[in-house]
Every structure is written in C-alpha cells, then in structure tokens.
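First comes the structure, then the notes that go with it.
Computed from heavy atoms alone, side chains included, the values below leave out hydrogens, waters and symmetry copies.
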Amino acid sequence: MKNSLPFLFNLTLHLIMFQEHEIIQLDSPVQQNNEVSKAAFIEANAFPSTLEEIASTHIIPVFSKDNEPLISQTDFIEVTNQTVYDLFNGEKILQPNIRLSHPIKGRIPEAKYKPASQLLEGEKTIYYERMAFIIEIPSIYDHIDGNRLSLTVGGIKALELLT
C-alpha cells in the first residue's frame, strides 16, 4: 500500500490570518488538480459552490461595531489550500469541495428604495452565513474495516459566531 498511513491521526491547521488588523495576501494562487472530491459532505440544507463563484459574487462582511472586514470565505479557503500544498508537496490534492447555507441577501446603497422585484442583477448582493469546505488528499490513505479513508483537511466559517 503505497503512501498509506499506519494509523489514523487528526491534523489541525492553525492559520493566523490577521496581523494587527491587516489581512495577509497570497502571493500566487495554488495550481491544483481539476478534480473535486466525490465524498458525501454536508448535504442537508447546503448546496455546492466553487471558489471562483464565491470570489466573484459574494460580498465580504464586516464587524458591525467598527466596520472592520472579516476574513473572506475565499481567503480562508485559499490560505488553507496553499498550506495543504506546502505541507503535502508532491501528493495528489483535489480541489476544495465547498458547501454553503443560510443566504443573506442584500442590495447596493443606490438601490435602497427600489422594490425587490425591480432590482437589477448588478444591484443585488449575496453572502452565505455558513460555509464549510474539505480538501481531500487521496494519495495519503489507509484502509480501516475494509473502507479506504483519505486524509482530508477542512474548515468551517459561520458568520453568526464571529459578530
């Protein structure tokens, strides 16, 4: 069994994203496999999304008390993905499998008084209160009770826990 693990272990990645209220920016995006994990992953009350969709259409929320930006869901996924690539260099790493739930719909300030039925697409905003993702590393695995288990790294962001 090539690259199999002799035992199960938990991998916890602690990512420090803020340094005195500045968000750390990635220098370059991770080059990755185009394959996404097929594993069943939080299917109730959630739907799949892509990193590209989140980056292009979702707003970045702020702390209501001081209007400081929270880490975006995109940044959280990208930094975790980069860390996985750095730690497991040379392994097969799948694209993040992302699930979203609890949409928060909004609008741009210029459309403040428009009826919802008259909003144009460019006037609507969206953010999902809850986001979870996994990054599967299928080249690191073990067989337990006849089941193949791959190393998986994941994260959860729930807006209601941050504000």
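Contacts classified as salt bridge (Lys or Arg N to Asp or Glu O under 4.0 Å) and involving residues 97-108 (residues at least two apart or in different chains) are not found. Pairs of residues two or more places apart, or lying in two chains, that qualify as salt bridge (Lys or Arg N to Asp or Glu O under 4.0 Å) and include a residue from residues 108-121 are K114-E123, E121-K124. Residue pairs meeting the ring-ring contact (aromatic ring centres under 6.0 Å, His included) criterion with at least one partner in residues 96-132, sequence neighbours excluded, are F47-Y128, H58-Y128.
Listed by chain and number, the residues in a side chain to side chain donor-acceptor pair (under 3.5 Å) with D86 are Q82 (sequence neighbours excluded). Annotation: side chain to side chain donor-acceptor pair (under 3.5 Å) contacts of S150 (sequence neighbours excluded): E136. Legend: residues meeting side-chain contact (heavy atoms from CB on, under 4.5 Å) with P115, ordered by chain and number and at least two apart, are S117, Q118.
Between the side chain of K157 and the backbone N or O of I71 there is at least one donor-acceptor pair closer than 3.5 Å.
Side-chain contact between Y141 and L149: absent, with no pair of heavy atoms (C-beta onward) separated by less than 4.5 Å. Using a 4.5 Å cut-off on side-chain heavy atoms (C-beta onward), I140 and F88 make contact. Two residues are said to be in side-chain contact when any heavy atoms from C-beta on lie closer than 4.5 Å; L151 and E91 fail this criterion.
The 12-atom threshold is exceeded at CD1 of I59, counting heavy atoms of other residues, nucleotides or ligands nearer than 6.0 Å.
Between the OG atom of S72 and the CE atom of M131 there is a distance of 8.5 Å, given to the nearest 0.5 Å. Atom CG of L51 and atom CG of N81 lie 7.5 Å apart (nearest 0.5 Å). For the atom pair T83 OG1 and E78 CD, the distance stands at 11.5 Å (nearest 0.5 Å). Here Q73 contributes atom CD and S49 contributes atom OG; the two are 8.5 Å apart, rounded to the nearest 0.5 Å.
Side-chain contact annotation: E53 with T57, donor-acceptor N/O pair under 3.5 Å absent.
For the residue pair N45 and S101, the shortest heavy atom distance occurs at O-CB, 2.9 Å.
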Worked check of side chain to side chain contact (heavy atoms under 4.5 Å, CB included) between I54 and L100: CA-CA 10 Å; I54 294 171; L100 303 169; 4.1 Å; yes
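Exactly one of L94, T152, V153, T80 qualifies for a side chain to side chain contact (heavy atoms under 4.5 Å, CB included) with I134. That residue is T152.
Hydrophobic cluster membership is shared by I135 and L87, with clusters built from Ile, Leu, Val, Met, Phe, Trp and Tyr side chains linked at under 4.5 angstrom. Note on I126: it clusters hydrophobically with I98, by side-chain heavy-atom contacts below 4.5 Å among ILVMFWY residues.
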